[in-house]
Amino acid sequence: MHVLVDLGHTRQLRSPDHELLTLARTLAGGDPVTVLSHEPQPEGLADELAGYGVAALLVPEQEAADLSLTDTALLDAALADSGATLVLGANDADTTEWFARLAVRHSAAIITDAVGVAQDRTVTKSVLAGGYTTTAEPTTELAFVTLAPNSVQTEEVSGGQAPQVKPLAVTVSGPAATVTGTEAAPASSRPKLTEAKTVVVGGRGVGEDFSLIEQLADELGAAVGASRAAVDAGWVEHAAQVGQTGVTVSPQLYLCAGVSGAIQHRAGMQTSQTIVAINKDENAQIFEIADYGVVGDLHKVIPQLLETVRARKG
Ligand SMILES: Cc1cc2nc3c(=O)[nH]c(=O)nc-3n(C[C@H](O)[C@H](O)[C@H](O)COP(=O)(O)OP(=O)(O)OC[C@H]3O[C@@H](n4cnc5c(N)ncnc54)[C@H](O)[C@@H]3O)c2cc1C
């Protein structure tokens with residue numbers, strides 16, 4: 001099977017990219033894997049791809065001075081160039097939009113938020129707020145699949161050849177808009193909430209001061225999340241909300257404190273691999289799905305946890 005991996009605007013491989021490449025290599029079964037970068041000069045990326053069985057790294061021939069070169073046009077050109085039948089990408093808003101547009105254009109199947117893809121292109125995904133796991137098989141020759149973070153066990157790659165970098169010439173119809181200025185979003189040293197391997201979440205029980213949650217997250221190299229009650233109270237920004245009307249996370253470790261475990265919250269976290277809950281109410285719903293539970297006041301439990309983590313780290 002010929003697989004095309006769309007890495008979007010990645011300049012340096014991140015954890016979700018390694019997952020996509022590991023999956024692509026497995027599915028390709030020795031056939032060439034093609035990778036598309038939307039960055040014209042992704043320095044060092046070709047070397048990072050060595051070992052993943054990537055035959056070619058496609059890049060735009062030049063940076064567009066305006067918005068005429070759309071990400072969709074670029075991906076369409078990469079599709080034509082590679083002849084891929086399966087296109088894999090990250091399950092983020094941008095990639096999902098590009099894939100959806102091209103799926104319509106090519107009358108192809110699209111499955112988003114997958115947690116696994118088998119050799120016969122059967123895709124596994126969790127639906128209805130994590131209540132069911134389903135499998136779906138594309139019936140079209142071409143299929144687009146976005147992969148949820150933390151779905152694939154990445155493999156260390158060593159050796160192997162860096163792929164050939166191939167500039168893609170894309171014909172565009174003229175500027176749809178012109179960029180008049182750009183401003184980088186403020187960078188955070190914490191991992192991205194949806195991609196983090198460890199997430200520390202605080203609920204209403206934490207109170208206005210979220211510093212304990214933040215300290216614990218920083219000690220564990222984790223992202224900070226929150227329940228809607230904490231977000232609605234204005235203690236945490238909305239981007240941190242986990243749940244039905246927030247983001248869905250599926251980390252290796254989900255640690256929450258002062259969260260009751262309402263169904264709408266669980267919808268966004270119940271596929272986490274290991275769930276640890278701290279709550280002073282032993283009947284809190286969160287304990288129904290927790291792998292480990294601590295019944296106690298979080299303002300006493302978290303400082304002890306911090307002390308232990310710091311002592312272990314030396
Ligand atoms: C349409 C809709 C969409 C929604 N979407 C979301 C969503 O996306 N995400 C979401 O989270 N919610 C969502 N909600 C809200 C949801 O129903 C709950 O109200 C919310 O999740 C409760 O947040 P909480 O667990 O922080 O607060 P609470 O339910 O008030 O729970 C607080 C918990 O903290 C414990 N506690 C208190 N003090 C301490 C202490 N000192 N130490 C330890 N434990 C303590 C309490 O025992 C309690 O269990 C949605 C609701 C609706 C109707």
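Residue numbers count from 1 along this sequence. Counting starts at 1 for both ligands and their atoms, following the listed order.
Judged by distance alone, with hydrogens and angles left aside, the side-chain atoms of T10 form no donor-acceptor pair with the main-chain N or O of Q12 at under 3.5 Å. Of the possible polar contacts, one joining the S250 side chain to the T271 backbone as a donor-acceptor pair under 3.5 Å is found.
Protein residues with a heavy atom under 4.0 Å from ligand 1 are G203, R204, G205, S227, R228, A229, Q241, V242, G243, Q244, T245, G246, G258, V259, S260, A262, Q264, H265, N279, K280, D281, G296, D297, L298, H299.
Not a single side-chain hydrogen bond (donor to acceptor under 3.5 Å, both in side chains) links D281 to another residue, sequence neighbours left out. The side-chain hydrogen bond (donor to acceptor under 3.5 Å, both in side chains) test applied to D120 returns T122, not counting sequence neighbours.
G202 and A230 make their closest contact through O-CB, 4.0 Å (heavy atoms, listed as atom of the first residue, atom of the second, distance).
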Pair up each side-chain donor or acceptor in residues 107-119 with any protein partner under 3.5 Å, not counting sequence neighbours, and list the distances.
from : atom 1 : to  : atom 2 : distance (Å)
D113 : OD1    : N91 : ND2    : 3.0
Q119 : NE2    : T26 : O      : 3.3
Q119 : NE2    : L27 : O      : 2.9

